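As C-alpha cells, the structure follows; a few thoughts come after it.
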Amino acid sequence: MNNQEILQKIVAYIEAIMVDKSMTSRDLAEICAKRSGKMSPRTIDKMFKTPSSTTLSTLLKVCDGLDLNLNAVFHSIEIAKTSAENGQQRLVYEIDNPAYNGYTGNYHVFYLPTSAYPEDHADQTLVHGVLKLGDFNSMHECSAILDIDSGDLTTGGSPFSKHYEGTLIYSSNSQMFCRLVCSKYGDMWFMVFNHGNLNNKELACVVGCAATASSGRIRHPAIHRFCLCNMQQYPVIDPDTQSLIEGLLRIQEKHIIIKKETVDTLLKQEDFDPAFRTNLENYLNIAQVYYALPKGTLKEDIPLSISIKELAKLSNVSSLEKTYHILHEDDRELSCILKNCLTAPTAPKDASESE
C-alpha cells in the first residue's frame with residue numbers, strides 16, 4: 001500500500017470504531033478537546049471526507065480521544081491485509097476475536113529442567129514460572145509475559161529469574177502458538193498447545209510442547225513438555241501436587257521404563273492404591289533389569305483420577321527421557337491431578353481426596 005492508501009485505511013478504521021461506539025463527530029471533538037487541545041467537528045468530518053488532507057496532528061488527537069494506539073491501528077490494518085491475501089484467516093491475531101474468549105489471565109507454567117547437564121539442576125526437579133496473557137500494550141493482540149525462576153543463583157546469591165515477552169496466536173488448526181523472547185539473555189521460547197482447555201473452567205489446564213535454547217550454562221536447543229494451569233482456578237499448587245505434575249510430564253508414549261530393583265524397593269515403601277499395585281505386580285515377571293510397563297495394563301479397571309496419580313509417582317523414579325510427544329489424553333490426566341489436589345482460596349484441600 002502507498003501512503004494515500006494507508007491513510008484511507010486508518011481513517012476507515014477510526015470511523016468503524018466511532019460507529020461501534022455510537023459516537024458523532026461532535027462527541028469525538030469534545031473528548032479530543034479535553035484531552036489534547038482544540039478540535040472541531042468540522043476537522044473530523046473533513047478527515048472522513050478527504051483522508052489525504054488529514055494531518056498527523058489530527059490523527060494523534062483523534063487516536064488519543066478514542067484511546068487508540070496508532071501503532072496498534074497500523075498493526076491491525078496489516079493483519080487484515082495479510083488475511084485478505086490468504087483468502088481466509090487461519091491465524092487469528094486480534095484479541096477482540098471471540099476465539100480468545102477466556103484465554104486472558106495468569107497461568108502457572110511448570111516444566112522439567114532443560115539443561116543437557118543434570119548436575120546443573122541437581123537440587124531442582126520442576127521449574128515454575130508465571131505466564132500472563134492480555135492486551136498489555138494496547139495493540140489489539142494477545143500479548144504474553146513470562147517470568148521464570150531459572151533455579152540458578154546470581155553471583156550475589158539471589159534467585160536468577162528470566163523475563164520473556166511475546167504474543168499468543170490462535171490457529172484454526174486447533175493449536176495455540178506463543179512466541180516469547182528474553183532480550184536480556186538472548187533466549188527464546190516457542191510454545192505449542194491445543195486450544196479449548198485453558199478457557200474451559202472445568203479443566204483450566206493444558207499440556208504442551210516447547211522449543212527453547214535456554215537450557216543451562218551452555219546453550220543447547222531443547223524440546224520439552226510443559227503444562228499451564230489457570231491461576232484463578234488453581235491459585236496455589238502445593239509441593240505434593242507439583243511432584244505429581246513432574247511425574248506426569250515424564251510419562252512418554254505407552255510405556256514407563258524403570259529398573260527392576262527400583263520397583264522392588266517402591267513396592268516395599270510406597271503406599272500404592274491396592275488395585276494399581278495388583279496391576280503392577282502382575283507385570284513384574286517380564287524383565288530382569290528394566291521393565292517396559294504399559295500404561296493401559298496398569299490403568300485397567302481403575303478410575304483415571306487414581307491410576308494417573310499412581311503412574312505419576314512411578315514415573316518420577318523411572319528412567320524416562322524428558323522430551324516427548326503431546327498426546328490427546330495428556331490434558332485430561334493433568335486435570336485429574338489438579339482436581340484431586342485443588343487448593344481452596346482459604347485453606348489447603350487434602351491432597352489425598354479423590355473425586
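Nothing fancy with the numbering, it's 1 onward along the sequence. Because the structure is a prediction, the values reported are computed rather than measured.
- Looking at heavy atoms from C-beta onward, I306 lies out of side-chain contact with F276 at the 4.5 angstrom threshold.
- Under a cut-off of 6.0 angstrom, the local environment of CG in D301 is sparse, with at most 12 non-hydrogen atoms contributed by other residues, nucleotides or ligands.
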Please evaluate residues I308 and I251 with respect to the criterion side-chain contact (heavy atoms from CB on, under 4.5 Å), reporting the C-alpha separation (whole Å), side-chain torsions for both, the decisive distance (0.1 Å), and the verdict.
CA-CA 10 Å; I308 192 58; I251 296 177; 4.1 Å; yes

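- Counting heavy atoms from C-beta on, the side chains of L126 and L112 come closer than 4.5 Å.
- Between K268 and D264, none of the side-chain N atoms (NZ, or NE/NH1/NH2) sits under 4.0 Å from a carboxylate O, so this pair counts as no salt bridge.
- By the rule that hydrophobic residues join a cluster once side-chain heavy atoms approach within less than 4.5 Å of another member, I44 and L66 end up as members of one cluster.
- At a threshold of 4.5 Å between non-hydrogen side-chain atoms, the residues L304 and K299 count as touching.
- Between T58 and M39, some side-chain heavy-atom pair lies under the 4.5 Å cut-off.
- Taking the six-membered ring where the residue is Trp, H128 and F110 present tilted rings, their angle falling between 30° and 60°.
- When only modelled atom types and interatomic distance are considered, S243 and N316 share a side-chain donor-acceptor pair under 3.5 Å.
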**Message:** Please determine whether side-chain contact (heavy atoms from CB on, under 4.5 Å) holds for the pair V62 and T54, giving the CA-CA distance in whole Å, both sets of side-chain angles, and the decisive distance to 0.1 Å.
**Reply:** CA-CA 11 Å; V62 168; T54 304; over 6 Å; no

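- In the hydrophobic clustering of this structure, L7 groups with F48; members are Ile, Leu, Val, Met, Phe, Trp, Tyr whose side-chain heavy atoms approach within less than 4.5 Å, directly or through other members.
- A donor atom on one side chain and an acceptor atom on the other are not found under 3.5 Å apart for S318 and S315.
- Under a 4.0 Å N-O distance rule, the pair K313/D273 does not qualify as a salt bridge.
- At least one side-chain heavy atom of E165 sits under 4.5 Å from a side-chain heavy atom of I145.
- When the side chains of ILVMFWY residues are joined at heavy-atom separations under 4.5 Å, either directly or via intervening members, M231 and V127 end up in two distinct hydrophobic clusters.
- In the model, D27 has a side-chain atom that pairs as donor or acceptor with a side-chain atom of T24 under 3.5 Å.
- Ring geometry for W189 against F226 counts as tilted: the plane angle lies between 30° and 60°, on a 0 to 90° scale.
- More than 12 heavy atoms of other shown residues, nucleotides or ligands fall within 6.0 angstrom of atom CZ in R277.
- In this structure, the side chains of Y93 and T167 stay at 4.5 Å or more apart for every pair of heavy atoms.
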*Given the rule in the side-chain contact (heavy atoms from CB on, under 4.5 Å) test, do V192 and F190 qualify, once you have shown the distances and angles that lead to the verdict?*
CA-CA 7 Å; V192 184; F190 186 73; 3.6 Å; yes

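- The 12-atom threshold is not exceeded at CZ of R42, counting heavy atoms of other residues, nucleotides or ligands nearer than 6.0 Å.
- Proximity of K309 to S305: side-chain heavy atoms (C-beta onward) are nowhere separated by under 4.5 Å.
- Counting heavy atoms from C-beta on, the side chains of Y234 and K339 come closer than 4.5 Å.
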